[in-house]
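Report on one structure; see the data block that follows.
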Amino acid sequence: MKELFLGLDCSTQGLTAIIIGKSTNEIEFFHKLDFDTIFPQYNTKNGVLLLDEKTVHSPPLMWVEALEAIFDYMLNNGVKIENIRAISGSAQQHGQVYLNNTFEKKLRNLDAMLSLTSQLEHVFSRETSPIWMDSSTSIQCEEIRQALGGKEATIKITGSNTFERFSGPQIKKFYQENPKKYSQTTKIHLVSSFLASILLGENAPIDYGDGAGMNLMNIQKKQWDQRAINATAPDLKIKLPRLCASHEIIGKISPYFVKRFGFNPDTCIVAWSGDNPNSLIGVGLIEKGKIAISLGTSDTYFSYLKELTLDLRGEGHVFGAPTGDYMSLICYKNGSLTREHVKNSLGLDWQEFSRILNNTPPGNYGRIMLPYYLPEIVPLVLNPQIKRFGFDEFNKEGNVRAVIEGQILSMKLHSDWINEAPEEIMVTGGASVNDEILQTITDIFRVPLKKLDITNTAALGAALRSLYSYTRHINEKISWQELINAHVNSRIVKKITPRLQYKQLYNDMVKLYKKHEDYYLKRGPNPEPFRQEFIRKYFG
Ligand code: ADP
Ligand code: XUL
């Protein structure tokens, strides 16, 4: 009998399941449900409800329905569900789920003859959940930051400056705008701990990885910080689940799943975490020297930290890593959806997009794009607009290369606080299938880049975390290194190396990009003379 380990990933656009075995490195099962396609009744686009430009929510009941649907799919597609020994999960970070006083009772008394969705329909004290794409809480960010003693103090306490999408400012806004509904809320979960609770049949804890994305957890002590809680909303402490280590087995699977889908009653549920901490494991970052870039709905740049290293400038974050250490992260909202917008507005498919990228020269004849199609997190841009310098929106060649170079130059520019120069970059996420985009990343960062044969490393990381915790549980310890060698390093299928002839060009272009950013965002000097000089030097 093959023992199986399940990792789930509830991302912005879909729910993915990956099953791995203990002794082989095969992926035993993979399936992804796309929210918009499978559940049109929730009216989401790319998994979200755009309530206005700054207010972005998702329906939490859709996540419940997706969980149910993926288990149905597994049941109908020959997965030996009874052999699954442990389950862990991953979810988009920061989003909150607001629950009323019926939630836990419902979870404890689920009827296996009825659907999860019908039984959990009325457990929400807020029907939609603000997610990481929401940028509507600048006022609350300022209020919390002031109450905690300013930016630096906030970073030292919580690991990050206050950010619009972080759970604390979002909770504060809900309390200020809907005090009655806030008082009817008995639990506030993250997406990760909410889904873990359903599997567990009771309120699940929040792990140190996802908890650090709330502006509520003390990053040194890994406990809820009373000052941050006081700065956020009254009676908040009792509404929050407890915090736990990411490797904790938080209990056995709820009887509902045993009866309805045939799980073994001893199936262990391992704490869920955020998609980025899960991906840290899924791409094998358990030591210094490597970084990862994830090109999913968001683009993220992250690395493993042995010691707590804060970004006092305030653009980056520090989260708990699944290994018990830390990780650094920078998140860009203008990731895949912005690339898609440019592609679609030019009437291209991905193949044509890649061909154009391949046929246009690095440096793009000095064309610069500030790619703010959506409000941006880093640098902070609340009123988005794509800015083009030296070309217009109809120029196919110009736009394709400019959006990719703009995104990557910005990433290079804003990641220099992580002062360790990486030796290699692991890439992951949906857009990492695109080798032309990857070539631009390696050229700009001047570091070799590796990718795996799968793009959902958050789900793989969750599956690995379930295996890791289970083996500790049965006293059969496997180290992280052994697991990563077997399940991650063996999946590396491609290495792309930088073209050194573009070293000086991209050195100059990062500086040129910064001048354009400063001009647009900080009223810096007109960058046009510098752009002309760049054109003369490289394309004259
Ligand atoms: P998430 O996990 O955040 O839901 P994924 O990591 O699955 O998202 O990435 C989905 C994105 O991948 C899509 O929005 C799409 O833009 C992008 N994508 C898919 N194929 C390509 C491609 N060939 N080139 C560039 N981007 C792609
Ligand atoms: C990280 C972030 C996003 C989400 C969605 O801080 O906001 O990466 O986790 O994937």
Side-chain angles (χ1 to χ4, degrees), residues 8-16 30 32-36 44-48 56 58 66 90-95 130-135 159-161 163-167 170 190-192 209-210 212-215 273-280 282 292-302 315-319 327-344 348-358 373-374 376-378 400 403-404 407 427-438 440-441 451 454-462:
L8 294 162
D9 172 41
C10 183
S11 72
T12 316
Q13 305 196 48
L15 180 70
T16 303
F30 174 91
K32 178 166 185 180
L33 297 176
D34 177 71
F35 295 143
D36 295 358
T44 56
K45 184 159 187 276
N46 299 120
V48 309
V56 188
S58 286
S90 149
Q92 52 167 302
Q93 299 196 247
H94 317 294
I131 64 149
W132 68 275
M133 294 173 81
D134 191 288
S135 51
S160 300
N161 192 4
F163 276 84
E164 278 73 5
R165 69 191 193 289
F166 273 40
S167 323
Q170 292 286 347
L190 293 180
V191 185
S192 58
D210 227 7
M214 300 176 80
N215 284 137
S273 187
D275 49 4
N276 293 293
N278 274 292
S279 248
L280 189 80
I293 292 178
S294 171
L295 306 166
T297 310
S298 62
D299 283 354
T300 56
Y301 176 102
F302 55 89
E315 289 184 339
H317 319 298
V318 176
F319 299 151
M327 68 181 286
S328 58
L329 178 125
I330 311 168
C331 179
Y332 303 86
K333 203 188 295 182
N334 285 283
S336 280
L337 299 184
T338 302
R339 290 184 283 274
E340 260 174 50
H341 164 75
V342 169
K343 168 181 84 63
N344 295 343
L348 304 171
D349 59 25
W350 282 125
Q351 236 180 343
E352 292 162 326
F353 185 96
S354 301
R355 193 177 41 76
I356 293 176
L357 196 52
N358 199 28
Y373 167 59
L374 302 167
E376 187 48 275
I377 300 166
V378 178
V400 166
V403 67
I404 300 301
Q407 289 179 323
V427 281
T428 177
S432 67
V433 294
N434 192 318
D435 285 349
E436 284 72 24
I437 297 179
L438 302 191
T440 308
I441 297 179
K451 71 172 179 179
I454 54 160
T455 58
N456 194 322
T457 48
L460 177 62

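Start at 1 and go down the list; that is how both ligands and their atoms are numbered. Given the structure is predicted, the values throughout are model-derived calculations rather than measurements.
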Exercise for the section: Using the side chain to side chain donor-acceptor pair (under 3.5 Å) rule, pick out the option among H341, Q407, E376, R339 that qualifies with N334. Expected result: E376

Please report whether ligand 1 has a polar contact with [X], defined as an N or O pair separated by less than 3.5 Å (distance criterion only).
X	value
T297	yes
D9	no
R339	no

Fill in the blank from the handout: atom 10 (C) of ligand 1: of G430, S432, S294, G47, the nearest heavy atom sits on G430

Fill in the blank from the handout: Nearest non-hydrogen contact to atom 4 (O) of ligand 1 from the set S11, S279, A431, A458 belongs to S11

Fill in the blank from the handout: From the list W132, Y301, F163, ring-ring contact (aromatic ring centres under 6.0 Å, His included) with H317 holds only for F163

Handout entry: Least distance between heavy atoms, Y373 atom then L337 atom
Key =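 Of all heavy-atom pairs spanning Y373 and L337, the closest is CE2-O, 3.9 Å.
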
Problem - Any side-chain donor near an acceptor of the partner, D275 and S90, under 3.5 Å - result: no

Practice task
Would you please say whether a donor-acceptor pair under 3.5 Å links the side chains of T297 and Q13?
Solution key: yes

Completion exercise
atom 7 (O) of ligand 1: closest protein heavy atom, distance to 0.1 Å, is K32 NZ, 3.0 Å

Practice task
Distance to 0.1 Å, residue and atom name: give those for the protein heavy atom nearest to atom 14 (O) of ligand 1.
Solution key: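 So the nearest neighbour among protein heavy atoms is E340 OE2, 2.5 Å.
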
So, the side chain of [X] versus the backbone of [Y]: is there a donor-acceptor pair under 3.5 Å, distance only?
X	Y	value
S279	G282	no
K451	S432	yes
S336	G296	yes

Exercise for the section: For ligand 2, would you mind listing the residues that have at least one heavy atom less than 4.0 Å away, ordered by chain and number? Expected result: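 If the criterion is a heavy atom under 4.0 Å, then ligand 2 touches Q92, Q93, H94, W132, R165, D275, N276, S298, T300, L329, C331.
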
Handout entry: Numbered atoms and elements of ligand 1 in range of V433, under 4.0 angstrom, heavy atoms
Key =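 Every atom of ligand 1 under 4.0 Å from some heavy atom of V433: 20 (N), 21 (C), 22 (C), 23 (N).
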
Handout entry: Listed once per pair and sorted, the salt bridge (Lys or Arg N to Asp or Glu O under 4.0 Å) pairs that draw on residues 327-337, sequence neighbours left out
Key =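 Residue pairs passing salt bridge (Lys or Arg N to Asp or Glu O under 4.0 Å), neighbours aside: none found.
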
